[in-house]
Amino acid sequence: MTLAALPPWLIEQWRQLRSDRQHHAILLQGVEGLGKRLLADHLSAGKLCAAPSPDGFACGQCKSCHLIQAGSHPDLVIIEPDGKLIKVDQIRKLIGFVTSTSSYGRGKSVLIQPAEAMNIASANALLKTLEEPNGDCSLLLVAQQPMRLPATVRSRCLQLHIHAPSIEQGCQWLTQAHQVDPQQAATVLASCHQAPFVALDRINNGFLQQRNNLFELWNQLLFQKLNPITLAEQVKSESPDHLLLLISQWLQDLIRLSQTNNASTVRLQQPDLLKSYQQLPMVSSKALHMLLEQTLQLSAALASGQNPNLQIALESLFTSQTKQFQTRPFSV
Ligand SMILES: [Zn+2]
């Protein structure tokens, strides 16, 4: 394999990691969908491969590579949550592995993902390994929310931040490597903070079609052709996270449009909806902020594990929305 195995926005990080090899522990951090795990997988495969390329990529052909593909390489350990947490017993077992001799003479590799799933006891157990490096074992920690890790863990790792590519770069990757239609790629990327793997996942799961259906229903609500109770009933099979995310993005787009006289200069999260936004009923910027706040509060309540009666919560949300939008054209 060559550098072409990596999406373009990870190549710089790859080079950096290759040039800095004195760190035995690396913390890869960044939001979901940027390819952190892919980078970590390539790093450990390259380390354990018997015939890596000059760029450090695994050959994909040797015994070591075959064992990794089969998920049974004795020198590679991948630690993932057991339930919601990475438990202290999982880390204790790891310590025995780290201090043992490698089976294939190319060192050992440990991948912990998501590292923030370690509780305090697990993180403390790992500290000892981080403090007393064992020359031939590299530790790769992958985290979306690194601040949930104790500072003592973070400070003992080389911390590498993975950033989202530009819309243009993300689009190029989606169209060239995955044959996605460019317009669709741009729309979906804008809806997910430019995280290309999230975009790809959404495209593969019919995101646009589903979004269009929901937007059509929401339109009917705002034009008072559909009442809040019926709408709440109709969307009950949708993922509430996804539904609330979409509504909050529509409201954010409307807020941005309400603050400008020139819609073409506004960077929207769902730019292909501009025309539809402009035909929505009139609403004040203040009301939009209030509706957004209400939507985000419900999202937060769901995310924190509170269990509001979803049907009632959505009815109440939709009732506020239908009250605030007036049946006059929304002028932008
Ligand atoms: Zn190989």
Side-chain angles (χ1 to χ4, degrees), residues 1-30 32-81 86 90-91 93-115 126 129-130 133-143 157-162 165 169 172-174 176-179 196-197 200-201 204:
M1 262 179 271
T2 65
L3 275 177
L6 284 178
W9 64 91
L10 294 178
I11 288 176
E12 196 46 48
Q13 270 90 355
W14 178 263
R15 292 206 173 109
Q16 197 181 332
L17 288 167
R18 295 273 305 150
S19 68
D20 181 346
R21 286 191 244 180
Q22 79 251 35
H23 284 89
H24 76 118
I26 295 167
L27 173 58
L28 294 174
Q29 41 192 299
E32 182 193 1
L34 301 180
K36 300 182 296 300
R37 175 63 188 265
L38 181 73
L39 193 61
D41 285 342
H42 276 301
L43 279 171
S44 46
K47 174 184 166 77
L48 299 177
C49 173
S53 74
D55 285 331
F57 288 92
C59 72
Q61 308 292 327
C62 69
K63 178 152 194 204
S64 183
C65 285
H66 286 305
L67 285 169
I68 289 179
Q69 286 153 17
S72 55
H73 198 301
D75 295 330
L76 171 64
V77 168
I78 296 173
I79 297 193
E80 287 168 319
I86 292 175
Q90 293 174 269
I91 301 295
K93 272 189 212 153
L94 178 67
I95 293 164
F97 168 79
V98 168
T99 51
S100 66
T101 310
S102 73
S103 303
Y104 285 84
R106 297 198 49 85
K108 290 162 294 172
S109 192
V110 173
L111 173 64
I112 304 180
Q113 186 198 17
L126 183 69
T129 305
L130 290 171
N134 180 312
D136 72 349
C137 187
S138 51
L139 291 157
L140 295 165
L141 282 67
V142 176
C157 299
L158 170 69
Q159 297 186 46
L160 197 71
H161 295 264
I162 312 287
Q169 199 175 36
Q172 200 174 20
W173 177 73
L174 284 168
Q176 290 177 2
H178 297 278
Q179 290 77 48
F197 286 97
L200 185 61
D201 191 50
N204 289 337

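Model, not experiment: these values are computed from the prediction. Position 1 is the first residue of the sequence; numbering continues from there. We count ligands from 1, going down the list as the structure has it; atoms in each ligand are counted the same way.
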Candidate pair Leu140 and Ile112, rule side-chain contact (heavy atoms from CB on, under 4.5 Å), full reasoning: CA-CA 6 Å; Leu140 295 165; Ile112 304 180; over 6 Å; no
Using residues 5-17 as the side-chain source, report each donor-acceptor pair under 3.5 Å to any protein atom, sequence neighbours left out, with the distance given to one decimal.
residue: Trp9; atom: NE1; partner: Leu34; partner atom: O; Å: 2.8
residue: Gln13; atom: NE2; partner: His161; partner atom: O; Å: 3.1
residue: Trp14; atom: NE1; partner: Asp55; partner atom: O; Å: 2.9

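Listed by first and then second residue, the salt bridge (charged side-chain N to carboxylate O under 4.0 Å, His left out) pairs involving residues 32-44 are Arg37-Asp41, Arg37-Glu80 (not counting sequence neighbours).
Shown here are the ring-ring contact (aromatic ring centres under 6.0 Å, His included) partners of His178, two or more places apart in sequence or in another chain: Trp173.
Cation-pi geometry between Lys108 and Phe97 is met: the NZ or CZ atom falls under 6.0 Å from the ring centre, inside 45° of the normal.
The distance cut-off of 2.8 Å around the Zn ion (ligand 1) captures these protein N, O or S atoms, sorted by chain and number: Cys49 SG, Cys59 SG, Cys62 SG, Cys65 SG.
For Asp75 and Arg106, the salt-bridge test fails: no basic side-chain N is under 4.0 Å from an acidic carboxylate O.
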